[in-house]
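All heavy atoms count here, side chains included; hydrogens, waters and symmetry mates do not. Throughout, protein chains are lettered first and strands after them, A, B, ... in sequence-line order, and every chain is numbered starting at 1. Worth saying up front: this structure is predicted, and the values here are computed from it rather than measured.
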Amino acid sequence: MKDEGRSLNFIEHIIEDDLLAGFPKSSLRFRFPPEPNGYLHIGHASSICLNFGLGERYGAPVNLRFDDTNPAKEEKEFVEAIKKDVAWLGYHWDSECYASDYFQQLYDWAVMLIRQGKAYVDSQTSEQMAEQKGTPTEPGTNSPFRNRNVAENLALFEAMKQGEFAEGTHVLRAKIDMAASNMLMRDPIMYRILHRPHHRTNTDWCIYPMYDWTHGESDYIEQVTHSLCTLEFAPHRELYDWFLDQVVTEGRIRPKQREFARRNLSHTIVSKRKLLHLVEQGVVNGWDDPRMPTISGLRRRGFTPESIRNFADTIGIAKRENVVDVSLLEFHIREHLNKIAPRVMAVLDPVKLVITNYPEGEEEWLEAENNPEDPGAGNRQVPFSGTLYIEREDFREEANRKFFRLKLGGEVRLKNGYIIKAVSCSKDTDGNITEIQCTYDPKSKSGSGSEESLRKVKGTLHWVSVPHALKAEVRLYDRLFNDETPDGHKGRDFMEFINPDSLQQLEGYIEPSLKDAQAGQGFQFQRLGYFNVDKDSTADRLVFNRTVTLRDTWAKIEQRR
RNA sequence: UGGCCUAUGGUGUAAUUGGCAACACUACUGAUUUUGGUUCAGUCAUUCUAGGUUCGAGUCCUAGUAGGCCAACCA
């Protein structure tokens with residue numbers, strides 16, 4: 001395991017304590033329980049990494065369980081997307097489970113509770129029941145149907161199941177305590193009538209169990225030992241335990257629920273409802289838009305599973321409210337891509353540069369290292385000629401000595417090529433520079449070993465040869481929100497903080513070695529950032545998504561100016 | 001006018017359970033560098049407050065303060 005020596009988080013402490021108390025390690029089992037009603041996002045990634053990480057740490061199985069108890073919101077499409085995302089993150093689930101597989105068992109147990117006088121059919125409207133529920137500071141009052149006799153409850157529940165009633169006319173409730181300080185214990189609903197086909201059970205059922213009644217019992221059926229969920233479920237624990245009390249038998253494992261704080265990422269939102277809003281309003285182009293914090297969006301943006309796992313591992317898990325800075329996520333993707341991404345040259349804001357003393361019509365192929373961080377990555381040939389594109393911001397007519405780039409009369413090295421000196425430049429009528437003229441030192445060729453080639457010049461520029469360059473579409477992304485916590489302001493809608501400039505599309509020039517790049521491949525455009533080939537690419541036009549820029553200390557110096 | 005949970009640098013997480021507050025990110029210095037990248041070295045804390053116990057408190061006790069969650073036939 002890679003986290004040898006790492007300190008334990010509070011969940012691991014709980015497990016270690018259980019082990020110390022004699023619980024057999026071989027019985028440990030976890031689960032990741034998504035509801036298939038949307039796409040997984042970076043917040044889920046933390047939960048996935050937590051549960052599957054525990055599985056790896058303790059050599060325990062982890063189930064992927066779909067919490068599919070609400071046919072009104074759930075779809076098969078989401079099941080497939082979720083499976084893809086979990087697998088992409090690199091995790092293997094032991095069993096693929098569905099809460100809907102337990103509908104019969106849940107029903108049988110419910111009948112048992114009715115027989116024991118612990119559940120009853122309530123025939124009021126939801127409004128009436130809400131009134132009787134009380135408030136956090138006032139106790140609730142009993143339903144007039146609370147004392148229906150067992151035979152009547154049984155008959156009614158059976159009729160509910162047979163589809164004899166309309167939606168909303170009856171529910172099954174657990175008979176607990178309408179005066180409980182925990183409102184979830186005030187006779188919670190166990191079943192409601194829903195005449196909707198289910199993505200797996202189709203029309204077999206028209207009564208569906210509620211979350212609280214389903215979740216703990218599902219854990220119990222699967223013999224999950226530690227059922228981990230987010231903090232807002234903490235008050236549910238009492239009910240989770242009450243429901244378990246009704247069905248647990250000796251010799252079988254009794255699951256325990258423990259709660260951790262969900263991870264919040266700065267400058268983004270991770271609420272399925274709000275993400276859906278962004279999609280529906282057309283703020284982004286779908287769930288896998290590279291600006292979305294969904295797993296599919298991050299994948300398309302060019303994030304690697306390793307970077308996301310390392311990120312989740314670094315932020316850890318605890319019980320307090322938090323906002324993790326996106327810069328940490330960016331650090332992890334840079335860290336990984338720095339090791340594995342092949343270096344290439346691309347010019348995104350081109351200005352033409354002509355080498356006046358370079359032989360007319362000549363070209364040559366220069367040796368370039370694919371990745372200085374990985375000697376095994378090998379070399380490639382890059383075409384060079386007397387007409388190049390360089391980045392517009394890499395040239396200034398005049399500049400102070402802090403500007404390490406090209407200026408009139410100044411020298412600079414062309415990456416993998418020659419040392420050049422800027423002589424003059426041409427402008428259009430508006431004063432924009434249209435061309436830079438320079439000379440080169442033929443003896444300064446990179447790697448030639450000559451005295452001139454070893455000369456130190458302060459700046460090195462990337463470039464692309466005009467006659468050889470390929471055009472490509474490049475999409476530059478910035479954070480989707482200008483505010484650190486867009487949904488953290490009372491009385492203000494998160495949509496107010498949308499960054500209008502989160503996407504910039506442009507046409508750039510790339511070196512010809514990229515010609516056959518495939519969707520999903522990541523590269524470092526030297527001195528610019530990491531870019532990933534988008535699925536919108538066609539045979540004659542590549543599209544690149546900027547995953548993240550390189551760290552840019554020059555930009556900071558410029559900003560401070 | 002209730003119940004439950006949480007408070008450690010700018011951010012996130014630790015602290016062998018009472019023994020020198022550590023790690024990572026960010027920011028800032030400097031060195032190296034044919035990527036202003038990478039790498040390397042360094043700098044940045046009244047542990048929410050006030051009392052108390054103790055040789056010694058982030059940790060234990062008391063009283064406060066602040067924040068979050070709970071009244072869906074959602075999960």
> Could you list the donor-acceptor pairs under 3.5 angstrom formed by side chains in residues 158-166 of chain A, with sequence neighbours left out?
unit_1   : atom_1 : unit_2   : atom_2 : d
A:Glu158 : OE1    : A:Tyr107 : OH     : 3.0
A:Glu158 : OE2    : A:Gln162 : NE2    : 2.8

> What nucleic acid atoms does A:Gly140 come within less than 4.0 Å of, heavy atoms only: base, sugar-phosphate, or nothing?
nothing
> Step through the shown structure and confirm whether more than 12 heavy atoms of other residues, nucleotides or ligands are within 6.0 Å of NZ on A:Lys133.
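Yes, the 6.0 Å shell around NZ holds more than 12 heavy atoms from other groups.
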> Please produce a list of atom pairs where a protein N or O lies less than 3.5 Å from an N or O of nucleotides 17-25 of chain B.
none

> Base, sugar-phosphate, or nothing for A:Thr69, non-hydrogen atoms under 4.0 angstrom?
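Contact class for A:Thr69: sugar-phosphate only.
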> If you check every side-chain atom of A:Glu35, which of B:C74, B:G37, B:G12 has the closest atom?
B:C74
> Within the structure shown, what part of the strands sits under 4.0 Å from A:Lys339 by heavy-atom distance: base, sugar-phosphate, or nothing?
nothing
> C1' atom, B:C60 versus B:U1: distance in rounded Å?
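Per the computed distance, 32 Å lies between those C1' atoms.
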> Kindly indicate whether the side chain of A:Gln524 and the base of B:U35 share any N or O donor-acceptor pair separated by less than 3.5 Å?
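Flag set: donor-acceptor pair detected.
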> NA contact type, A:Val323, heavy-atom cut-off 4.0 Å: base, sugar-phosphate, or nothing?
sugar-phosphate
> Pick the closest RNA chain B nucleotide for A:Asp67 and for A:Arg343 by heavy atoms, then say which residue is nearer the 5' end.
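Here A:Arg343 is the residue nearer the 5' end.
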> NA contact type, A:Pro372, heavy-atom cut-off 4.0 Å: base, sugar-phosphate, or nothing?
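If one applies the 4.0 Å heavy-atom cut-off, A:Pro372 turns out to touch a base.
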> Within this structure, what is the CG-to-C1' distance between A:Leu184 and B:A75, rounded to whole angstrom?
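To the nearest whole Å, that distance equals 12 Å.
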> Does the side-chain ring of A:Trp554 lie flat on the base of B:G36, meaning centres under 5.5 Å and planes less than 30 degrees apart?
yes
> Considering every strand and a 4.0 Å limit on heavy-atom distances, what is the contact class for A:Arg186: base, sugar-phosphate, or nothing?
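Answer is nothing: A:Arg186 stays at 4.0 Å or more from every strand.
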> Would you please confirm or rule out a distance under 4.0 Å between OP1 or OP2 of B:U38 and any side-chain N or O of A:Arg551?
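Result: yes.
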> What distance, rounded to whole Å, do you find between the two P atoms, one in B:G56 and one in B:G51?
16 Å
> According to a strict under-4.0 Å criterion, is A:Lys458 in side-chain N/O contact with OP1 or OP2 of B:G36?
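So the side chain of A:Lys458 is outside the cut-off, no N or O lying under 4.0 Å from OP1 or OP2 of B:G36.
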> Is it true that A:Glu558 and A:Arg396 have a side-chain N and a carboxylate O under 4.0 angstrom from each other?
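Salt bridge: yes.
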> Counting the atoms with a prime plus P, OP1 and OP2 as sugar-phosphate, which does A:Glu131 contact under 4.0 Å by heavy atoms, base, sugar-phosphate, or nothing?
nothing
> Out of B:U34, B:C73, B:U35, which nucleotide sits closest to the side chain of A:Lys456?
B:U34
> Determine the interatomic distance between P on B:C44 and the same-named atom on B:U32; round to the nearest Å.
24 Å
> Which part of the nucleic acid, if any, lies within contact of A:Phe311, taking any heavy atom under 4.0 Å across all strands shown: a base, the sugar-phosphate backbone alone, or nothing?
nothing
> For A:Glu367, what residues pass the side-chain hydrogen bond (donor to acceptor under 3.5 Å, both in side chains) criterion, not counting sequence neighbours?
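Here the qualifying residues are A:Asn379.
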> Please classify the glycosidic conformation of B:U26 as syn (within 90° of 0) or anti (everything else).
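What B:U26 shows is an anti base, its glycosidic angle lying more than 90° from 0.
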> Specify the separation, in whole Å, of atom CZ of A:Arg405 and atom C1' of B:G36.
7 Å
> Could you check whether A:Asp212 gets within reach of a base, just the sugar-phosphate, or nothing at all, counting any heavy atom under 4.0 Å?
nothing
> Please determine whether a side-chain nitrogen or oxygen atom of A:Arg334 lies at a distance below 4.0 Å from atom OP1 or OP2 of B:U38.
no
> When we call it a touch if two heavy atoms are under 4.0 Å apart, what does A:Ile315 touch: a base, just sugar-phosphate, or nothing?
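Sugar-phosphate only.
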> Once salt bridge (charged side-chain N to carboxylate O under 4.0 Å, His left out) is applied, do any residues pair with A:Glu330, and if so which ones, sequence neighbours excluded?
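Only A:Arg479 meet the salt bridge (charged side-chain N to carboxylate O under 4.0 Å, His left out) criterion with A:Glu330.
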> Mind checking if A:Thr553 touches a base, just sugar-phosphate, or nothing, with heavy atoms under 4.0 Å?
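Sugar-phosphate contact only - A:Thr553 comes under 4.0 Å of backbone atoms but never of a base.
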> What is the separation between atom CD on A:Glu511 and atom C1' on B:U35, rounded to the nearest whole Å?
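Rounded to the whole Å, the gap is 13 Å.
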> Spell out yes or no: do the side chain of A:Arg263 and the base of B:G12 have one donor N/O and one acceptor N/O closer than 3.5 Å?
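Side chain to base: no pair present.
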> What nucleotide, of B:U13, B:U35, B:C28, holds the atom closest to the side chain of A:Asn322?
B:U13
> With C1' as the reference atom in both, quote the distance from B:A75 to B:G37 in angstrom, rounded to an integer.
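The answer is 44 Å between these two C1' atoms.
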> What residues form a side-chain hydrogen bond (donor to acceptor under 3.5 Å, both in side chains) with A:Lys175, not counting sequence neighbours?
none
> If you look at every strand shown and take non-hydrogen atoms under 4.0 Å, does A:Arg413 touch a base, only sugar-phosphate, or nothing?
base
> Quote, to the nearest angstrom, the P distance that separates B:C28 from B:C61.
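That atom pair is separated by 43 Å.
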> How is the base pairing of RNA chain B summarised as a dot-bracket string, given the Watson-Crick and G-U wobble criteria with both distances under 3.5 Å, [ ] for crossing and | for another strand?
.((((((..((((.....[..)))).(((((.......)))))....(((((..]....))))))))))).....
> Using the side-chain heavy atoms of A:Leu550, tell me which of these nucleotides is nearest: B:C73, B:U35, B:U38.
B:U35
> For a quick test of reading the model: is some side-chain N or O of A:Lys73 closer than 4.0 Å to OP1 or OP2 of B:A75?
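No, because none of the side-chain N or O atoms of A:Lys73 sits under 4.0 Å from OP1 or OP2 of B:A75.
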> In whole angstrom, what separates A:Phe10's CZ from B:U13's P?
11 Å
> Using heavy-atom distances to pick each residue's nearest nucleotide on RNA chain B, tell me which of A:Phe233 and A:Asn338 is more 5'.
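Result of the comparison: A:Asn338.
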> Please list each protein N or O that sits under 3.5 Å from an N or O in nucleotides 3-7 of chain B, with the distance.
none

> Among residues 158-175 of chain A, which contact RNA chain B at a heavy-atom distance under 4.0 Å?
A:Gly168, A:Val171
> The side chain of A:Arg192 lies closest to which of these nucleotides: B:A75, B:G12, B:U35?
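The listed nucleotide nearest to A:Arg192's side chain is B:A75.
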> For A:Arg146, which residues count as a salt bridge (charged side-chain N to carboxylate O under 4.0 Å, His left out) partner, sequence neighbours excluded?
A:Asp187
> Taking atom C1' in both B:U39 and B:U34, compute the distance separating them and give it to the nearest angstrom.
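Their C1' atoms lie roughly 16 Å apart.
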> Identify whether the distance between the nearest side-chain nitrogen and carboxylate oxygen of A:Arg405 and A:Glu393 falls below 4.0 Å.
yes
> Contact class for A:Ile317 vs. all strands (heavy atom < 4.0 Å): base, sugar-phosphate, or nothing?
sugar-phosphate
> Kindly say if A:Thr135 contacts the phosphate of B:G2, meaning a side-chain N or O under 4.0 Å from OP1 or OP2.
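Answer no for this pair, as no side-chain N or O of A:Thr135 is under 4.0 Å from OP1 or OP2.
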> Between B:U34 and A:Ser446, counting only base atoms on the nucleotide and side-chain atoms on the residue, is there a donor-acceptor pair under 3.5 Å?
yes
> Go through the structure and list residues passing side-chain hydrogen bond (donor to acceptor under 3.5 Å, both in side chains) with A:Asn338, not counting sequence neighbours.
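Expected list: A:Arg343.
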> Output all residues satisfying side-chain hydrogen bond (donor to acceptor under 3.5 Å, both in side chains) with A:Glu364, sequence neighbours left out; order by chain, then residue number.
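If we apply the side-chain hydrogen bond (donor to acceptor under 3.5 Å, both in side chains) test to A:Glu364, skipping adjacent residues, the hits are A:Tyr358, A:Tyr418, A:Lys445.
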> For the P atoms, the ones on B:A7 and on B:A14, what distance do you get once it is rounded to whole angstrom?
10 Å
> Mind checking if A:Met210 touches a base, just sugar-phosphate, or nothing, with heavy atoms under 4.0 Å?
sugar-phosphate
> A:Tyr530: what forms a ring-ring contact (aromatic ring centres under 6.0 Å, His included) with it, not counting sequence neighbours?
none
> Rounded to whole angstrom, note down the P distance from B:U62 over to B:U53.
15 Å
